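Below is one structure, written out as structure tokens; the observations come after it.
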Amino acid sequence: MKKLVLIPLSVLAVIAATLLLNSATLDNGTVASNCNYTYENGNTTPHQSYLPQLPSELYFCGEELPMDRDDVRESIDREIMTNTFWHNNTMLMYKRIGRYFSIIEPILKQYNVPNDIKYLCVAESSLSPTIKSPAGAVGLWQFIESTGKEMGLEINDEVDERYNIERSTHAACKFLLHAYEKLGSWQLVAASYNSGMTRVLKNIQNQRQNKYYDILWSEETSRYVYRIIALKLILENPQQYGYNLTDADRYKPYEVDTCYVDSIIDDWVDFCEAKGITYKQLKTLNPWLRQTYLHPKQGKPYKVLLPKKN
């Protein structure tokens with residue numbers, strides 16, 4: 001039977017101190033590392049991190065950030081670093097904007113909603129069109145069921161238009177414009193998208209302040225607008241933040257044909273076979289179809305996307 005070897009606490013303390021010296025997490029969330037990596041040729045190179053530089057001026061939806069304030073500078077600094085060094089997610093977002101911004105941008109323009117609002121969508125869903133939150137928020141714009149229905153989206157067992165990029169973007173524009181009518185600031189509108197209109201109005205009343213940067217928010221909402229702005233900076237200027245990415249790295253928009261369905265579909269697989277496509281292709285382009293069948297509402301044709309035939 002082997003004897004249990006006990007390591008004195010003093011020895012453990014030395015080991016722990018050595019590890020902390022070699023890799024320490026700074027207050028701003030970045031890692032300062034003294035570790036050396038040994039390559040096959042025997043050379044060693046220290047692991048180096050850099051701090052992204054803050055712009056001297058920043059705007060969101062045409063509204064200027066007060067960058068002369070320490071709290072504002074430190075808040076945007078935190079979100080820039082967090083997303084700059086979240087490499088896999090940031091690169092995926094950059095790739096996805098090539099596919100989805102071409103759908104979102106014309107709709108924002110149609111409603112006269114500032115183009116910067118598209119980065120709110122990025123912050124909500126990382127541009128993953130089928131994402132669902134633990135709270136039940138769905139799609140690129142992360143609508144919960146009650147709000148989606150209030151904005152005119154059809155949501156039932158067979159159809160969930162929160163997954164429909166075009167329809168949900170129209171709904172988001174209506175929601176955002178309604179919020180802007182009440183709040184008069186796109187920064188407050190963005191905050192309301194996160195915390196809800198009631199909470200924003202209550203904070204304005206209770207704290208007697210009407211600017212996003214002058215109001216004390218919950219932790220999540222206090223970071224939310226800064227995160228949107230940080231994503232805008234990084235995704236519009238990837239090289240400045242250490243990403244060797246170009247427009248050629250973005251996913252291309254799907255090439256599609258459209259058809260309109262206004263009659264009962266007993267089986268979408270049969271429908272796909274008749275069209276010469278797969279059910280997987282149909283669902284990829286139309287994630288809002290939630291069943292293998294469809295009973296359309298009377299008088300409502302459904303726009304269904306199909307892979308473009310060469």
Side-chain angles (χ1 to χ4, degrees), residues 54-55 57-67 69 71-80 82-83 89-90 93 97 100-101 104-105 107-128 131 133 135 137-144 147-148 150-151 162 168-207 209-236:
L54 286 179
E57 294 183 348
L58 272 180
Y59 293 83
F60 175 67
C61 296
E63 300 173 10
E64 188 174 8
L65 279 73
M67 294 296 288
R69 288 173 43 172
D71 61 326
V72 172
R73 290 182 60 83
E74 290 171 14
S75 293
I76 189 66
D77 190 40
R78 176 184 183 182
E79 299 308 318
I80 288 175
T82 297
N83 290 280
N89 193 61
T90 300
M93 288 188 290
I97 63 178
Y100 298 117
F101 275 7
I104 293 170
E105 288 174 338
I107 299 174
L108 296 179
K109 186 176 181 180
Q110 176 185 335
Y111 284 87
N112 202 28
V113 171
N115 194 49
D116 281 353
I117 288 293
K118 64 191 180 186
Y119 292 103
L120 182 151
C121 178
V122 178
E124 283 289 320
S125 61
S126 297
L127 291 181
S128 177
I131 194 170
S133 77
V138 163
L140 290 187
W141 292 96
Q142 288 290 280
F143 278 113
I144 61 173
T147 305
E150 185 180 345
M151 293 298 109
R162 293 177 294 174
S168 64
T169 302
H170 282 284
C173 287
K174 295 174 185 177
F175 180 91
L176 293 162
L177 286 173
H178 175 70
Y180 186 74
E181 287 178 4
K182 289 184 174 291
L183 300 172
S185 162
W186 287 107
Q187 294 164 0
L188 288 175
V189 167
S192 74
Y193 205 91
N194 177 257
S195 68
M197 178 69 70
T198 301
R199 181 63 57 83
V200 172
L201 291 172
K202 185 176 180 179
N203 282 344
I204 290 173
Q205 180 181 6
N206 291 346
Q207 299 180 38
Q209 299 292 334
N210 61 4
K211 294 182 180 179
Y212 173 78
Y213 310 100
D214 293 327
I215 294 174
L216 180 65
W217 304 98
S218 67
E219 171 71 10
E220 183 178 345
T221 307
S222 69
R223 298 183 61 179
Y224 186 71
V225 174
Y226 294 113
R227 179 167 187 253
I228 296 170
I229 297 169
L231 290 172
K232 174 181 183 291
L233 285 172
I234 296 166
L235 296 177
E236 289 185 353

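Note that this is a predicted model, so its numbers are computed, not measured. Note: hydrogens, waters and symmetry copies are ignored here, and every other heavy atom, side chains too, is used.
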I need the minimum non-hydrogen distance between W141 and L176, along with the two atoms involved. CZ3-CD1, 4.4 Å
Are Y213 and Q187 side-chain neighbours, meaning at least one heavy-atom pair lies under 4.5 Å? yes
Contacts of R69 that satisfy salt bridge (Lys or Arg N to Asp or Glu O under 4.0 Å) - sequence neighbours left out: D71, D214
Check whether more than 12 heavy atoms from other residues, nucleotides or ligands sit under 6.0 Å from atom CG of N112, and answer yes or no. no
S125 to Q142 - nearest heavy-atom pair and separation: CB-CG, 4.4 Å
Side-chain contact test, heavy atoms from C-beta onward, threshold under 4.5 Å: evaluate it for I234 versus M93 and give yes or no. no
Do S185 and N210 come close enough that some side-chain heavy atom pair is under 4.5 Å? no
Considering all heavy atoms of both residues, which atom of Q110 and which atom of H170 are nearest to each other, and what is their separation? OE1-CE1, 3.6 Å
If you compare all heavy atoms of Q207 against all heavy atoms of L216, which two are closest, and at what distance to 0.1 Å? OE1-N, 2.8 Å
Listed partners of E236 passing salt bridge (Lys or Arg N to Asp or Glu O under 4.0 Å), at least two apart: K232
With side chain to side chain donor-acceptor pair (under 3.5 Å) as the rule and sequence neighbours excluded, what pairs involving residues 188-199 come up? N194-E220, N194-T221
One should read off an interatomic distance between N89 CG and T82 OG1, to the nearest 0.5 angstrom, of 12.0 Å
Counting C-beta onward and ignoring hydrogens, is there a side-chain heavy-atom pair between T169 and Y100 closer than 4.5 Å? no
Looking at CG of L127 and CD1 of I97, how far apart are the two atoms once the value is rounded to the nearest 0.5 Å? 7.5 Å
Heavy-atom side-chain proximity of S126 to I131 below 4.5 angstrom: no
Contact summary for C61 and D116, nearest pair of heavy atoms: N-OD2, 2.9 Å
CD1 (I104) and CG (L120) are apart, to the nearest 0.5 Å, by 10.5 Å
Looking only at the side chains, is there a donor atom on one of Y224 and E79 sitting less than 3.5 Å from an acceptor on the other? no
Between L188 and I215, is there a side-chain heavy-atom distance shorter than 4.5 Å? yes
Please round to the nearest 0.5 Å and tell me the distance separating atom CZ of F60 and atom CD1 of I117. 4.0 Å
For the residue pair W186 and Y180, is the inter-centroid distance of their aromatic rings smaller than 6.0 Å? yes
Grab the two heavy atoms, one from L54 and one from R73, that are nearest each other, plus how far apart they are. CD1-O, 3.6 Å
Does any part of the side chain of E124, heavy atoms only, come nearer than 4.5 Å to the side chain of L140, both counted from C-beta? no
Interatomic distance, NZ@K118 vs CG@L235, rounded to 0.5 Å, equals 10.0 Å
Is a donor on one side and an acceptor on the other found under 3.5 Å between the side chain of Y212 and the backbone of S222? yes
Can you tell if the side chain of L108 reaches within under 4.5 Å of the side chain of P114, non-hydrogen atoms only? no
Can you tell me if R162 uses its side chain to pair, donor with acceptor, with the backbone of F143 under 3.5 Å? yes
